[in-house]
K.L.:
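Handing you a structure now.
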Amino acid sequence: MRALVATAQTQGLRDNDFDYCVEGELVWIGLVCAKDEADPDGGCGCGRAFGGLNSHRATTTARVAEIEGFTHDDYVEALRSGLQQAGWPPNLAEELARELLVIAKHWPVGTVIERRIDQFQAREAE
Ligand SMILES: [Zn+2]
């Protein structure tokens with residue numbers, strides 16, 4: 001199935017890019033704090049970040065990936081355990097999986113996307 005994963009591709013396109021994730025790990029979209037809610041280029045970074053489900057770190061670039069043999073249930077379970085480890089309510093996993101899939105299905109596999117709070121857009125290929 002299709003899912004969003006962390007990538008270093010296109011890093012540096014924006015001055016305030018960052019990527020502390022592990023390449024290829026699943027990412028989710030976390031909540032945005034008050035500081036970044038007003039400005040995705042705010043000091044915090046959460047307004048433009050995807051969160052790594054394993055590393056619990058963040059990146060400003062995510063890639064639409066096709067993960068062979070990975071099922072919807074696997075995805076929900078990955079989200080559930082990632083949320084739990086990070087101290088978030090794990091029962092958000094189902095809803096989050098749905099939201100992430102809508103985003104992932106929007107672009108062809110291989111597309112690198114970025115986030116502006118709750119807007120997502122493709123980046124130009126390198
Ligand atoms: Zn923040």
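Remember, it's 1-based here, ligands and their atoms both numbered in the order they're listed.
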K.L.:
Tell me whether R57 is salt-bridged to D19, with the criterion being a basic N under 4.0 Å from an acidic carboxylate O.
P.N.:
no
K.L.:
Any pair with a residue in residues 40-68 that passes ring pair (Phe, Tyr, Trp, His ring centres under 6.0 Å), sequence neighbours left out, goes on the list, sorted by first then second residue, please.
P.N.:
none
K.L.:
Quick check: closest heavy atoms across A97 and H72, and the distance to 0.1 Å?
P.N.:
CB-CE1, 4.2 Å
K.L.:
To which residues is V102 joined in a hydrophobic cluster, defined by side-chain heavy-atom contacts under 4.5 Å among Ile, Leu, Val, Met, Phe, Trp and Tyr, whether direct or through other members?
P.N.:
none
K.L.:
The criterion is ring-ring contact (aromatic ring centres under 6.0 Å, His included); which residues satisfy it with W88, sequence neighbours excluded?
P.N.:
W28
K.L.:
Using the side chain to side chain donor-acceptor pair (under 3.5 Å) definition, which of the options E114, R14, Q11, R115 pairs with T60?
P.N.:
Q11
K.L.:
Quick one: name the protein N/O/S atoms under 2.8 Å from the Zn ion (ligand 1), chain by chain.
P.N.:
C33 SG, C44 SG, C46 SG
